[in-house]
Structures are given as C-alpha cells and as structure tokens.
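Here is the naming used below: chain letters follow the sequence lines, and residue numbers restart at 1 for every chain.
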Amino acid sequence: MESGMISVDRWTAGSQAYFLTHLHADHTAGLSGAWRHGPLFCSRLTAKLIPCKFPGFDLSLLRIVDIGSWHSLSLTSPSSGSRVDFAFKAIDAQHCPGSVMYLFRGESGCTLHTGDFRWETSSLSTENGRAVLLDALKDQTLDTLYLDNTYCNPDYSFPPREVAAKQIVEIITSHPNDDIVIPIYSLGKEDLLLYISQALNMKIWVWPERLQIMHLLGFHENFTTQTSLTRVRAIPHYSFSSDTLKELNEFHGPTIGIMPSGMPWSVAWKDGNMSGGSASHVKKKECSRNTGSLGRNLESATKYYEVPYSTHSCYSEIQEFIELLRPVNIKGIVSSRSCYIDPRYYFGHLCGPEQALWRVQQKLDYEEGLRRAEVADIKPVTEYVTPVAGRKRKNDHIEFFGIRISRVSLLRRLSRGVRITESESLPE
DNA sequence: GCGATCAGGT
DNA sequence: CACACCTGATCGC
C-alpha cells in the first residue's frame with residue numbers, strides 16, 4: 001500500500017483503490033458526499049450505511065466486498081506502469097456493524113489491515129476468523145500487520161462483551177424504578193442494546209437519526225423514539241455528562257447513567273473500587289458534585305456506572321492475535337491524540353522473519369500431525385494448537401523500541417477534523 | 001455562503 | 001486516561 005495504489009481508511013487523492021474498514025469518523029476523515037477519488041471497497045453493510053453518513057455520495061464508486069471470499073484486483077504500478085495483481089479478502093472485525101479487516105495478497109507479499117477489531121478469545125466469530133486467516137495465509141508469511149493498537153498495553157484488561165452486557169442488565173434490573181440512560185455513538189454497541197432489549201423484554205429509546213440507522217441495520221422491533229414506551233434510553237454520547245445526568249435527576253426523576261466503554265479499564269482499576277463485587281470490573285460513581293447555581297439538592301446524588309463493554313481488543317486478545325499470525329512486521333494504526341505505543345514495544349518478540357517462518361512451520365507440523373493421525377487411525381484434534389509463548393528470538397536491532405512521539409503529529413494530522421453532517425431526511 | 005480545518009469539549 | 005464523536009471559530013475560496 002501507500003505506493004499510490006491502495007489506501008485503507010485514507011481518503012486523499014492519488015490511490016487507485018480505496019478500502020474502508022468501517023464507518024467511524026476517525027477512519028473516514030476526508031470522506032464526504034463529494035468525495036470521488038476512486039473506487040471504494042467496503043462490506044455490504046457499510047455500503048448500505050454510506051448514503052446515510054454521506055448524503056450525495058456517488059454510489060457508483062462503491063465496490064462491495066463479500067466477506068470470506070477472495071476478490072481480485074488489477075492495478076497499475078505508478079513507477080513502472082506495469083500491471084500489478086492483487087487478491088484480497090474481508091474478514092469480520094467484530095468492532096461495529098459492517099466492520100471488516102482486509103487481507104491483501106500480491107506480488108509484494110501479504111498484508112493484513114485490521115481496522116478496528118475485537119478478538120474475543122472464545123467467540124464463534126473469532127474462531128471462524130482464525131480459521132479463515134490461517135487458511136488464507138496458507139504457507140505464506142504475513143509481511144505486514146496493520147494493527148488496531150488502541151489497547152496495546154498490558155494494563156488494559158477487560159472481559160468479553162457478553163460478560164459486560166450481563167453486568168449492565170444486572171444494574172438495570174437492580175434499579176427497577178429508575179430511568180436508565182446509556183451514552184452511545186452514531187454507530188456501534190447495537191448488540192449490547194439488543195441484548196438488553198431481549199433480556200428485559202423492553203424496547204430501548206434512541207434518537208430519531210439513530211432509529212434510522214437501526215432500521216438500516218435490520219432492527220425493527222427493539223427500538224423506539226417514543227419516550228413513554230420505555231425507561232431505558234440510549235442517548236448521544238456528546239450529550240451526556242455528569243451535569244446532564246444531574247439535570248435528568250432533578251427534572252425528570254431518578255435516572256441511572258451506564259457508560260459502556262473499554263477505556264478506563266486497566267488492571268490498576270480492577271480491585272479496590274467501591275463497586276459491590278470485587279471481581280467485577282464495574283465501577284460505580286456517586287456524582288454529588290454541586291456546581292453552584294441551583295445548589296442544595298442534596299438528595300440528587302446521581303448514580304453512574306462504568307462497565308467495560310469494549311469494541312476494541314484488550315491486550316491479551318491482541319497478544320493472541322499476533323501469536324496466531326506471527327507477522328514479519330507490525331504497524332499500529334491508532335491515531336490517538338497524546339501517545340502512540342509501537343506494538344513492537346510489547347510484541348517485538350512475536351514478529352520478524354523468524355517468527356513468521358515459525359508460524360508456517362507450526363502449520364506444517366500440524367498438518368503433518370494430522371496426516372500421521374489419520375494413518376494411525378487416531379481421532380484428529382479438532383482444535384488448533386495455539387502457539388504458546390515462544391520468545392526465543394532476540395530482537396536484533398529493531399529500532400522502533402519504546403514510545404514514539406514523533407509519529408503522533410503525523411497521524412493526528414491524518415485523522416483530525418471531520419464533520420459528519422447528519423442526513424436531513426427523516427426516517428421512512 | 002460553502003467546505004475544510006482547527007480548538008476545545010464530553 | 002482517550003473512544004468517537006460533537007459544537008463553534010477560523011481559513012480559503
């Protein structure tokens with residue numbers, strides 16, 4: 001990529017093919033209804049959402065990438081003018097609706113771009129993704145892994161989403177008479193809301209634009225814009241703060257805030273907080289801040305929970321992902337504001353040419369084992385032998401050790417400053 | 001008046 | 001903390 005041929009989640013002119021992993025704003029900086037720099041490859045669901053996110057977008061530019069099958073692409077080398085053939089495949093990224101990773105196979109080797117992704121160890125989708133990736137890579141090394149390194153730090157530890165979803169349902173049922181507000185963004189966490197809706201057999205309120213998204217995603221029964229139908233509301237993230245929660249409590253009655261987020265969940269927070277169960281990650285806060293003016297409503301100490309429901313992989317999941325793939329090289333894709341952790345700071349020992357070959361060798365050994373097992377008429381092991389530790393490799397002079405500040409300014413510049421104008425049109 | 005970018009907020 | 005946004009100011013046209 002970056003050779004003037006393929007761009008992933010980058011929208012400046014000069015590429016021959018543009019790939020979109022998912023429709024969050026930090027991956028669409030530069031996209032707009034007027035964008036027309038070239039063909040845009042994305043998942044079917046993402047394509048469905050594009051007109052809503054970018055009104056006026058020229059839909060003839062869209063190239064739908066069906067998940068799981070190989071697609072081919074023929075481009076022209078900008079330097080030599082000769083033809084360059086690629087094959088690529090989309091894999092479910094489990095981050096938000098429509099989100100995918102892209103695996104590219106070309107003359108210059110294999111590249112995997114994860115976009116944002118969640119790699120929950122025991123989920124069926126991950127199991128499928130694992131098989132698809134290993135099968136797609138075959139005996140080749142993965143040359144470059146562009147990695148969602150949002151939580152690429154051992155301090156970040158949180159449970160699978162299902163666990164967090166159950167915690168949230170518990171919180172809601174333990175406050176049977178209170179209103180509940182759950183801050184969400186314009187796309188993502190639908191599975192959480194659906195889970196709550198089904199577990200409690202109630203509809204969930206969303207704002208009108210969000211209902212339109214829900215309908216596009218195929219959810220017709222579980223969401224409503226009628227306040228009177230439910231006590232559980234998913235509200236725009238930007239409209240939520242301790243002040244708004246306090247106001248809700250003062251003017252609308254008892255309201256609990258539940259923040260589903262992966263962010264503050266480092267191991268340092270795990271124990272010794274004021275939440276009931278010490279094993280639980282749930283953080284409960286009493287927001288009794290009283291910033292003047294209305295004052296003295298002592299009764300309105302509002303309840304606010306933070307629950308580790310994350311759409312990004314935690315550290316151990318990233319580790320497992322890298323141990324599976326053993327890439328030659330890893331590059332982080334996060335465009336964070338204040339710091340950039342090079343994935344090789346923690347995972348340098350899992351990449352490099354030797355490690356990549358190690359993976360291939362593992363696969364060959366595994367297949368050889370299967371063959372022998374068949375001959376010996378022994379039941380083959382159905383599970384993959386997951387590579388353990390294996391930190392033999394000495395890092396011979398990888399220069400990117402430690403925290404890199406200089407890259408940040410570059411990444412920031414690439415990802416800043418989108419304004420998504422919400423569709424004017426009404427639902428239906 | 002418009003889109004693109006930036007500053008600053010949740 | 002820093003997710004994935006938001007609003008509002010400013011720049012260039």
Report the distance from atom [atom1] of [X] to atom [atom2] of [N], rounded to the nearest whole Å.
X	N	atom1	atom2	value
A:D243	C:dC6	CG	P	21 Å
A:F240	C:dA4	CZ	P	18 Å
A:Y238	C:dG8	OH	C1'	14 Å
A:K189	C:dC3	NZ	C1'	7 Å
A:K53	C:dA4	NZ	P	12 Å
A:I235	C:dC6	CD1	P	14 Å
A:L31	C:dC5	CG	P	13 Å
A:M259	C:dC3	CE	C1'	9 Å

How about A:Y151 and A:F158: are their ring centres within less than 6.0 Å of each other?
yes
For A:F321 together with A:F347, are the ring centres under 6.0 Å from each other?
no
Just compare C:dC3, C:dC5, B:dA4 and give me whichever is closest to any side-chain atom of A:A25.
C:dC5
Residue A:S32, side-chain heavy atoms: nucleotide from C:dA4, B:dT10, B:dA4 that is nearest:
B:dA4
Presence of [X] side-chain N/O under 4.0 Å of [N] phosphate oxygens OP1/OP2:
X	N	value
A:H95	C:dA4	yes
A:S186	C:dC5	yes
A:H24	C:dC5	yes
A:H312	C:dA2	no

Could you tell me whether A:H22 contacts a base, only the sugar-phosphate backbone, or nothing, with contacts defined as non-hydrogen atoms closer than 4.0 Å?
nothing
Touch check for A:T150, heavy atoms < 4.0 angstrom, all strands: base, sugar-phosphate only, or nothing?
sugar-phosphate
Which residues pass the side-chain contact (heavy atoms from CB on, under 4.5 Å) test with [X], not counting sequence neighbours?
X	answer
A:C42	A:L20, A:L40, A:T46, A:A47, A:I50, A:L62, A:Y102
A:L194	A:Q198, A:F219, A:N222, A:F223
A:S32	A:A34, A:W35

Name all residues meeting the salt bridge (Lys or Arg N to Asp or Glu O under 4.0 Å) criterion together with A:D66; count only those two or more places apart in sequence or in a different chain, and write none if there are none.
A:R44
Stems in DNA chain C: runs of 3 or more consecutive Watson-Crick or G-U pairs, distances under 3.5 Å?
B:1-10 with C:4-13
Name all pairs fulfilling the side-chain hydrogen bond (donor to acceptor under 3.5 Å, both in side chains) condition that reach into residues 170-180 of chain A, sequence neighbours left out, sorted by first residue then second.
A:H175-A:Y305
